[in-house]
Amino acid sequence: MSSRQAIRRLDYTPPSYLIDRVDLTFELSDTHAKVISRLIIKRNIGVSSDTPLVLHGEELTLESIKLDGTPLTSAHYVIDDSTLTIASMPDDGILEITTRLLPAENTSLMGLYQSNGNFFTQCEAEGFRKITYYLDRPDVMAKFTTTIIADKTKFPVLLSNGNRVGSGQLDKNRHWVKWVDPFKKPAYLFALVAGKLVVLAGTHTTPSKRCINIEIYVEPGNLDKCHHALAAAQKAMAWDEERFGLEYDLDTYMIVAVSDFNMGAMENKGLNIFNTKFVLAKPDTATDVDFDGIDSVVAHEYFHNWTGNRVTCRDWFQLSLKEGLTVYRDQEFSSDIGSRAVQRISNVRALRETQFAEDAGPQAHPIRPDEYLEINNFYTWTIYEKGSEVVRMYATLLGTDGFRAGMDLYFKRHDGQAVTCDDFRAAMADANGTNLDQFERWYSQAGTPVLSAKAEYNEAAQTYTLSVTQSCAATPGQAEKLPFHLPFAIGLIDRRGQDLPLQLAGEIAAKGSTRVLEITNTTQTFTFINVPCPPVPSLLRDFSAPVVLDFAYSDDELVFLMANDSDAFARWEAANTFALQLLKNQYAAAGRGETLAAPAAFIAAYQKLLTSDKLDPALVALMLELPRENYLLEQLSDVDPVRLYEVCRALKQQIARELRQELLAVYQRLNDGAPYAYDGEQVARRSLKNICLDYLAELDESMISSLIAKQYQRADNMTDRLAALKALVNRDGGEAQLADFAAQWQSDALVMDKWFTLQATSRRPGALSRVQQLLEHPAFSIKNPNKVRSLITAFCLANPPHFHAADGYGYAFAADHIIALDAINPQIAARLASSFNRWTKVDAGRRELMKQELERIRGTEGLSSDTFEIVTKALG
Ligand code: 0A1
Ligand code: ZN
């Protein structure tokens, strides 16, 4: 366990020693691993010769250590829980360190571990120190050579970073393979895989006519589920060449899928290691959402080769430098290969449901944090998703060409270096001859800014004046905020639904119909001239900045925008705002013991969506989806989550009753029996069909029951089958179909994850006891993160009425499992602990119960620093 000492950004100092080369030899056996590490090490320039060498190392058994060939004794070095210190070091030298590890007992899944008997590594952020003593910090970059020795029968495939340069036979049925990575890299990008794996191979030819081999390694039996991932890698390579002029730099790009993995995937140089969830898919096992997820995660990891690996982070406070940028790149990729509007809406919705809550709660931190106890806790929505929005704002402010110029300069200046967020910002500013000093506040200030807008039309002068005020609430440790520099994209729409040309006072002519207004002050006013009639403003088009917009739209204006806005995001946003406002009013009414039905205008707007044949079905599906309970909870205080759920359910039922005909007609039109294909058009049609089914499932009619049952039986793909099963589970428990499904898919771990999640998120009575029974199911394992996420985390984070049951059993269940998991896998425990983050949002009775559980967790002896940090911050 790391010590409970906060690490601070401003304490950064350059490393005292540097490592030029690393030669690693791994001898792997069933029971243990021996690691021999040979380091060519030198003191950094300007560092005094009496400075000790302090290597990181955790949970290692040291067998021997030699300096320039001479064995060191315990008189020469000191070892504690987390370091090995050599007091007296020459200016340069060769250290040879031999350590012994027990990978089979490593349940943290950091460092070297085993999964189904095969060996894998995970080194980001600080896992390499669990493999050998090293300068485990990203600004120490070295060239690595890796030799792996293992039994030939049990471990026929031996992989590491870079190029395979040799292999051979040894005694006792052993073999060896040697890898050389020609690029220097920090230790967090090291990877090793050894096991019984099969490979699907393909190629990609770059514009400079280099032929890259793409290899996807999986456990035997899964080869037929790798084709989508292979195609995704090929698409990602072509996209990065076209959009950013970036080519892959090794001869082979390898992806390995592992079923025990803490996160989504990892960008190790040349050898990406993936959670099986983001590799394995075929139509009968994976949903459309899964296929999209594979495209985006494969692209994400591949894109890291430039944004993360070639140019890496100086220290972990700069994490968003690589993550925000790479998420932005993968979102752009997904927009280009699919629907830009759908992608933007889905990303914004996810941002608001997750990151906005994080920014408003006890874990709020800037995208470049100032301190941490445990870096693993900082792989957050803020670093990734808000970080991506910050990168997107550069592109919005500077334009596509300006952004590309900034990227080109960034690579020109920093290829092969470990740099900071300031370096990225400087490249963007310098390439465009512009000043981005104020933009720095996006890196230093936490919290979601609120942008309040007011508008006034002057008929006589034909002017339209927009006044904008920005503010940002206090966050832990940051009471006062300074104004942000942000792009505010807007349009003005006339009564016929046409965008007006936009001309600001002082301009000689109108320029376009969407304008990006630059906001830098607390309050700013913009006057548009030659506005012939009072327009409806379309504000924050394409969600041009990660802010909360506050503008007093009338219901009529929202309906108008839903139907007319030329910006797809703004059209969706109007529907979302209308529903959100309505649900908030309904919740307030329910608190007074009243029932408030949705107004006719709301139902009519939904009816129009369902009956229009001009709209993209995917957009209609997104507009029909009501805001989620957790998002609503953020907009309220003293919340009773059970009442909130009932209000949401009642609205859904009203929509289903009043639009029964339309829902059924759309469902039947789209349920045309066409054979399955994964393409944009079919995905869009399925999404609308299944949202109609979701509404129809609210109706207690036998005709609807048989319609759902028919879809379940006849589906030729997992998207439709799972949608039907969900409808069945929420209607009457769907016991028979759940059993049938499990019988069919019991040996497919990823499909069983869906089965667990369906039950964990069921709103029917008894969800908690069902989850408790499922913990005993043979397909469940507390040691497997995907299983924990699909059952326990899904219950705690995606089933608010049951997690927040008034008796507190949901909270006690969560706390029990956080404590149990903490001893197995602290990262996963800490993530689960975040289900308590918003405890101050619920009503007094629940607040007290949640607080007690948080205190119980905090009081647990031997708690990891991961979980300790989360619960301590939550308690405030
Ligand atoms: N860099 C990876 C995310 C990642 C971080 C930590 C991990 O270890 C537990 C694993 C993966 C990415 O952004 O994809
Ligand atoms: Zn990443």
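All figures in this text were calculated on a predicted structure; none of them were measured in a lab. Counting starts at 1 for both ligands and their atoms, following the listed order.
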*Please list, chain by chain and in numerical order, all residues satisfying side-chain hydrogen bond (donor to acceptor under 3.5 Å, both in side chains) with Y384, sequence neighbours excluded.*
E323

*Between the side chain of E869 and the main-chain N/O of E374, is any donor-acceptor distance below 3.5 Å?*
yes

*Counting only N and O atoms by type, is there a donor-acceptor contact under 3.5 Å from the side chain of T380 to the main-chain atoms of I383?*
yes

*With L271, the side chain to side chain contact (heavy atoms under 4.5 Å, CB included) member among V256, L189, L250, T252*: V256

*Just by modelled atom types, is the G387 backbone N or O under 3.5 Å from a matching donor or acceptor in the W442 side chain?*
no

_N/O/S atom name from E323 that is nearest to the position of the Zn ion (ligand 2)_ = OE1

*Can you name the side-chain hydrogen bond (donor to acceptor under 3.5 Å, both in side chains) partners of Y394, sequence neighbours left out?*
Y443

_Atom name in H304, limited to N/O/S, at shortest distance from the Zn ion (ligand 2)_ = NE2

*Near ligand 1, which protein residues have a heavy atom under 4.0 Å away?*
M110, Q122, E124, N262, M263, A265, M266, E267, H300, E301, H304, K322, E323, Y379, Y384, Q827

*Listed by chain and number, what are the side chain to side chain contact (heavy atoms under 4.5 Å, CB included) partners of T276, not counting sequence neighbours?*
A257, S259, L280, L750, N786

